[in-house]
S.K.: 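Sharing a structure with you now.
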Number of protein chains: 2
Amino acid sequence: MRDIGIGILGFGTIGTGVVKGLQENGDLLAERLGARPVIRKIADIDLESDRGVDVDPSILTNDAAAVVDDPDVHVVVELIGGTGIAKDLVMKALEAGKPVVTANKALLAKHGKEIVKLALDKQVDIYFGASVGGGIPIIRALREGLVANRVESIDAILNGTCNYILTKMEEENMAFEVALKKAQEAGFAEADPTLDIEGHDTAHKAAILASLAFGMEVPLDSIHVEGITGVSDIDMKYALQAGYRIKLLAVIKSGDGEVEVRVHPALVPLNHVLASVRGVYNAVLVRGDLVKTSLLYGRGAGMEPTASTVLGDVADVVRNIVCGSPCRVPAVSLLAESRVMKDMANIESRYYMRFSLKDEAGVVAQYSEVLGRHGISIASLMQKEENEGDSFVPVVLVTHKTVEKKVRAALEEIDALPTVGDKTVVLRIEEQE
Amino acid sequence: MRDIGIGILGFGTIGTGVVKGLQENGDLLAERLGARPVIRKIADIDLESDRGVDVDPSILTNDAAAVVDDPDVHVVVELIGGTGIAKDLVMKALEAGKPVVTANKALLAKHGKEIVKLALDKQVDIYFGASVGGGIPIIRALREGLVANRVESIDAILNGTCNYILTKMEEENMAFEVALKKAQEAGFAEADPTLDIEGHDTAHKAAILASLAFGMEVPLDSIHVEGITGVSDIDMKYALQAGYRIKLLAVIKSGDGEVEVRVHPALVPLNHVLASVRGVYNAVLVRGDLVKTSLLYGRGAGMEPTASTVLGDVADVVRNIVCGSPCRVPAVSLLAESRVMKDMANIESRYYMRFSLKDEAGVVAQYSEVLGRHGISIASLMQKEENEGDSFVPVVLVTHKTVEKKVRAALEEIDALPTVGDKTVVLRIEEQE
C-alpha cells in the first residue's frame, strides 16, 4: 500500500486531535482509502508540552517552512490559525504544488480569493471543510452534495461559545456576563472571547458559506455583524413569553440578483428547528430549490469533531493523489451570474422592539404614531407590568415584515422623544419559511 | 465545454425530477462541474403521460436496453426501482463499463454484493446516494466525510410514510387505520403501503447504511423488522404521558465484534433529537468515535429532494469521467475486521410494556414476580384508571435495561396467566446516549 506523507503545521488542540485520530484509526482509514496517510513532520513553537499523544520526537520541529519543503511531505495540514504565518505557509505550499488542508476560517474569509486563485493556477487542491462547523459537513454539502441546487438561503448557528452562553442565559436565567464567565470556566470560551461574542467568528464562517453557495467573493466588510454582548436576560425572557428564543444567527439569502449576509442575535420561533439547538452544538439549515430544507447538526468545534473533518479532507486529497485527479472539485466555483451584496438598510425582516416609556397617558399613542408614519405596522404588543424604578415601563412589540431603514429612521425619532427612557432595544426575527 | 451523455431509465416521479432539475439548473451545474450533463435518452414503458416537463420526443424510448447500449450515453441513471429488470439493466451497464447512478434501495439491499463486486471488477462507478434518505446526504457522509471515523451507531427515521402516520396519530389522536387513510389521501402513502408500514423499506435502507458503516455484508434476513401496524393510539398516549414519543426507527449499533441492525417502533424521550422529527421528514443520527454526534435532517423522499441527490451523484460521476478517476471512492469499503450479526435475542434495551390485567387483588404482585424471576427490573409503573370494559385494566411500565430474550421468556409466561387479558404490548426504548 502506498504511503502519503502528511506534514502538520500547528500542534495545538486540533493538531493533537488529527494526530490522535491518525494513530487510532489509521489502519481503518488506509483500508478505506487504499493508501496510508503517514505523518512525516509536525511543526509548532512549543515542542515541550505534553499533549497526551505519543509522537516520535524526531518528527517534531520548530521550522514550519522546512515541513512544507520536505520532499516526503505530500500534503500540508495547516492548523496554526490566523492570517500571519499561516498565510505565508499556505501560499508557499500551494506555490510548491502541494495540496493543503486547513481549518483556518479567518484566512479563508480574508484572503480566500488570493489563495483559491493560486490553487487554481497551480492546479493543486485546497480543502477547508473544518473551517466552518467543526464536525458538520456543510462545506462538503455545498461543494458536492447540493451541487445541482440553486441555494436560496442558509440560516446557521455557527459559534458554540455564543450558543452556550445564550442557552445558559435562558435556561438558568443568567445575565450575559455571568453566563460568559461560566462558559470560560467550562472551557467553552477563550480568555479573550471578543472574536466569538462580537460575532466576528460567525461572520468569517458566513463569508465562506456565502462564497460557496453563490460562487462569488463575499468581502468581510460587506457583512453586517452584531454580537451577543447586547443581549439581555430581560429580552430573552420577553422573547420566550412571545414564543421565541434568541440565537446568534448567520443569515444568508439570495433574491433579485442580490445577496444578503448578516450576523446578529435573532428571535427564532420555538418550533423553528434552530430553536432546539442547545449548548455548544451548531446547526446549518440550507434551503435549495431542489433539496428544499436540509439541516446539518453536530459539534461545531472541539478537538475530535474538528479532526474528523480535517481527516475527511485529508482523505479527499489522498484519493486525488492516488487517482491523479487534483482539483477534481474546485475550491470555489466562481459563477458568471453577477450578484451584488444587499445594503443592510434594505433588508426585510420582522422586528422585536422593547421600548422604555414614561408611564403617562398618551405615550403609547405617541410612539405608535411614529412607527405608523414610517410605515411600520405592529403585529402584537405586550405592555409589561414591571416598573423600572424611575417611572419608565417596558413595552414590548413585534412588527410585521418591514424594511430595516424604516426601523432605523423610526427609532432615531422615537429615541429622541422626552417620554422615552433607555435606548430602544431592537432585534430581528427569523422565521422558518 | 465537454458534454457527458446521460441515459435515464424510468420516467416516473424521480425521473421527472431529474429531468426538470437538469433543465432548470443545467447551466449552473455545467459551470460548477466544468462539463455539461446532457440527457441523451429516457426509457419508460409509458411514453404518453404528461409529466409537466418538455422533452424532445425523439429521446423517449420503450427500449431500456438500447439506452444502456447507446454509445452517446456515458452515465446510466436507473430509476425504475425493484429487483427485476432494474437489476439486469444495472448489471448490463456495469458490464459495459458505464457508470451507474441509482436510487434503488431494494436492489442494493438484496443484490448489493453482486453489483458492487462487478463494479469493482470493471473499475466502474456505482453511486446510490438517493437510495437512503432522499435529500439527506447520509451515504455521502458515510463514504466520504466520516471516513476517518469508527462508526459506533446510527439511529434513523428513514420512512416518511410511517413518520407521517405516527405524527398524525399523536397530534390528532387518530387510530392507525385512520392516519394511514389520511396519508394515502395526502399522497404520502401508496395504495399498497405494505413495504412502508411493515418496515421493509426502512430495513432495506438500514442494510445499506450498516454495510457502509461497518464495511461488511448485511443480509436482509439478519435484520429484525417490525412495522407500525401494531402501534396503537393508546400506547402513543401512554408513552407521551411517560415522556416518550413513538417513532419507527432503524437502530444500527456495533460493539464487541457484533453488529445489530433492527427496525421497529421505539419510544424515544421527548428531548431526544429524533423526537422532534415530524411528518414526512427523515433524520439520521450518526455517532462516530471522532465526530461524536452528527445529525442530518431533511426530506426523505419526494421528486425534487431525491433528484437533488441523484444529480449530486451524477456530478460525482461526471467529475470522475472528466478527471479520469473512476472508483475514486469505492462503493463500499469492505473491511478486513470481521464482525458478526448479533442475535436479536441478545440485544439490550429498556422496554415499555402494557399489560391487560384482571382488576383483582394480588394480580400485580403475580406478574411482577414473573418479571423479577426473569431478572427484569421495573423502572417505573403506571396503573391506568381506564376500564377496558371487561374487568381488565391496563398497567403500563418501563423497565431498566435488560436483554431481549429475558423479556420474551417473561412475557410468554405472563401472557399465559389466566389473570391476563389481551396479549401484552411491548415496545423498545431508544435513549440518546
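Numbers restart at 1 for each chain; the letters A, B, ... are given by sequence-line order, proteins then strands. All figures in this text were calculated on a predicted structure; none of them were measured in a lab.
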S.K.: Name the region of B:Ser308, side chain, backbone, both or neither, that has any atom closer than 4.5 Å to a heavy atom of chain A.
M.R.: both

S.K.: Which atoms of B:Asp27 are under 4.5 Å from chain A, going by heavy atoms: the side chain, the backbone, both sets, or neither?
M.R.: neither

S.K.: Taking every non-hydrogen pair under 4.5 Å, which of A:Thr306, A:Asn320, A:Val322 racks up the most with chain B?
M.R.: A:Asn320

S.K.: Under a 4.5 Å heavy-atom cut-off, does chain A meet the side chain of B:Leu296, its backbone, both or neither?
M.R.: both

S.K.: Quick one: pull up CD1 in B:Ile14 and CG in B:Leu79 and give me the separation to the nearest 0.5 Å.
M.R.: 7.0 Å

S.K.: Do any N or O atoms from the side chain of B:Thr13 and from the backbone of B:Met303 form a donor-acceptor pair under 3.5 angstrom?
M.R.: no

S.K.: B:Phe214 and side-chain contact (heavy atoms from CB on, under 4.5 Å): which partner among B:Leu334, B:Leu335, B:Val259?
M.R.: B:Val259

S.K.: For chain B, find its close neighbours in residues 281-289 of chain A: heavy-atom separation under 4.5 Å, sorted by number, or none.
M.R.: A:Tyr281, A:Asp289

S.K.: Under a 4.5 Å heavy-atom cut-off, does chain A meet the side chain of B:Val329, its backbone, both or neither?
M.R.: both

S.K.: Does the side chain of A:Val317 come within less than 4.5 Å of A:Asp313's, by heavy atoms?
M.R.: no

S.K.: What option among B:Gly129, B:Ala307, B:Cys323 has the most heavy-atom pairs under 4.5 Å with chain A?
M.R.: B:Cys323

S.K.: Among the options B:Glu24, B:Lys292, B:Arg143, pick out the one with the most heavy-atom pairs lying under 4.5 Å from chain A.
M.R.: B:Lys292

S.K.: Give, as side chain, backbone, both or neither, the part of A:Ile136 having an atom under 4.5 angstrom from any heavy atom of chain B.
M.R.: neither

S.K.: Using a strict cut-off of less than 4.0 Å between a Lys/Arg side-chain nitrogen and an Asp/Glu carboxylate oxygen, indicate whether B:Glu171 and B:Arg278 qualify as a salt bridge.
M.R.: yes

S.K.: Among B:Val310, B:Leu29, B:Leu146, B:Leu295, which has the most heavy-atom pairs under 4.5 Å with chain A?
M.R.: B:Leu295

S.K.: Let me know if B:Asp316 has heavy atoms under 4.5 Å from chain A in its side chain, its backbone, both or neither.
M.R.: both

S.K.: I need the A:Leu209 CG to A:Ser131 OG distance, nearest 0.5 Å.
M.R.: 8.0 Å

S.K.: Kindly determine whether B:Leu311 and B:Leu22 satisfy side-chain contact (heavy atoms from CB on, under 4.5 Å), including the steps that lead there.
M.R.: CA-CA 8 Å; B:Leu311 288 171; B:Leu22 274 178; 3.7 Å; yes

